[in-house]
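Any value given below was found using the heavy atoms of this structure, including those in side chains, with hydrogens, waters and symmetry copies removed.
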Amino acid sequence: MVLVADAGKESPLVSPNEVSSEWDDTLTASFMAGDESALVAAYRKFAPLVHTLALRSLRDRAAADDVTQEVFIRVWRSRDTFNPEVARLPAWIVGIARHVIADAHSASNREVRRVLAVAQIQDTGGGGPTEGTVEVLADRLLLDGELDRLGEPQGAIMKLAFYEDLTHEQISRRLELPLGTVKSHIRRSLIHLRSRLEVDHAAH
């Protein structure tokens, strides 16, 4: 399945119903029959709207791109479950989009909780994160994104703590920063991450 469209451009300020009214329902039967050209038509018509909904909810363009692609993958794979007597295809696609956006929020919340749990262990002097926890975190690309948003030197400090399991003193020596500076940066980073978590909760 290959889809090409300007999904990254925000849709104008129109409601899903207004966009839906422009959909040619004769394409719905083709979609249900597995005609990829009908899927491409749906993607070109609704991908900008899906991307806009995702971007306004998640506030991250890369995440919105991922959500848009995931929505239409689910749309195609789940086409056998679509019932035109229950809803028109555009409404069904928007419903799937809302579920995928909610899933993205949940995934983000889980990642931030893991970050906070490991960071709090480090900050309280309880030793570094366990090998299993580090493996979980390292496997998640979102962690890199959250740490990059911290800026420098906070991002570098936290990456050394997470990925290399360094103590405060080791980070201080590695980056040639005063120990007190390292500790204060970690505290500020924790505050930032906690704020991110609170924002994500409020978005639901």
Side-chain angles (χ1 to χ4, degrees), residues 1-117 136-137 139-146 149 193-204:
M1 178 181 62
V2 178
L3 300 173
V4 179
D6 292 330
K9 295 183 179 180
E10 281 206 30
S11 179
L13 292 174
V14 295
S15 70
N17 288 337
E18 289 176 299
V19 178
S20 174
S21 67
E22 301 174 4
W23 174 248
D24 181 358
D25 282 317
T26 62
L27 292 171
T28 299
S30 297
F31 167 80
M32 295 174 65
D35 185 349
E36 288 195 8
S37 65
L39 174 66
V40 171
Y43 185 88
R44 288 175 175 164
K45 176 64 69 175
F46 300 111
L49 174 62
V50 170
H51 190 273
T52 297
L53 293 173
L55 183 60
R56 291 177 182 175
S57 181
L58 300 171
R59 301 176 185 177
D60 183 283
R61 187 167 295 277
D65 292 343
D66 291 342
V67 162
T68 303
Q69 291 299 319
E70 177 63 21
V71 166
F72 285 92
I73 289 172
R74 291 194 192 183
V75 164
W76 185 243
R77 290 177 176 173
S78 304
R79 64 187 182 278
D80 291 341
T81 67
F82 171 65
N83 185 350
E85 296 180 1
V86 174
R88 293 181 67 214
L89 185 63
W92 186 65
I93 291 173
V94 170
I96 290 176
R98 287 172 175 158
H99 282 297
V100 176
I101 291 169
D103 289 346
H105 274 297
S106 296
S108 177
N109 285 346
R110 287 194 298 271
E111 294 302 334
V112 174
R113 288 190 190 100
R114 289 190 181 102
V115 170
L116 289 174
V136 170
L137 289 170
D139 286 340
R140 302 287 184 167
L141 293 178
L142 184 59
L143 178 61
D144 276 332
E146 292 297 336
R149 291 189 184 96
L193 292 171
R194 291 189 185 104
S195 297
R196 289 272 301 171
L197 180 59
E198 289 171 359
V199 169
D200 284 338
H201 278 311
H204 285 283

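Here D103 contributes atom CG and H99 contributes atom NE2; the two are 8.5 Å apart, rounded to the nearest 0.5 Å. Between the CZ atom of F31 and the CD1 atom of I93 there is a distance of 6.5 Å, given to the nearest 0.5 Å. With values rounded to the nearest 0.5 angstrom, M32 atom CE is found 9.5 Å from T81 atom OG1. Remark: E70 CD to R77 CZ distance equals 7.5 Å, nearest 0.5 Å.
Under the rule for a side-chain hydrogen bond (donor to acceptor under 3.5 Å, both in side chains), the partners of S37 that lie at least two apart in sequence or sit in another chain are D35. Under the side-chain contact (heavy atoms from CB on, under 4.5 Å) criterion, L27 pairs with W23, D24, A41, sequence neighbours left out. Scanning for side-chain contact (heavy atoms from CB on, under 4.5 Å) contacts around N83 gives E85, V86, with sequence neighbours left out. Every residue meeting the salt bridge (Lys or Arg N to Asp or Glu O under 4.0 Å) condition with D25, not counting sequence neighbours, appears here in chain and number order: R88. With sequence neighbours excluded, no residue forms a salt bridge (Lys or Arg N to Asp or Glu O under 4.0 Å) with R79.
Using a distance-only test at 3.5 Å, with no hydrogens or angles considered, no donor-acceptor pair links the side chain of S57 to the main chain of L53.
Closest heavy-atom contact between P48 and Y43: CD-O, 4.0 Å. In terms of heavy-atom proximity, L58 sits nearest to A63 at CD1-CB, 4.0 Å.
Using cut-offs of 30° and 60° for the angle between ring planes, the F82 and W92 rings count as tilted.
Only one option out of V94, L55, T68 pairs with V50 in a side-chain contact (heavy atoms from CB on, under 4.5 Å); it is T68.
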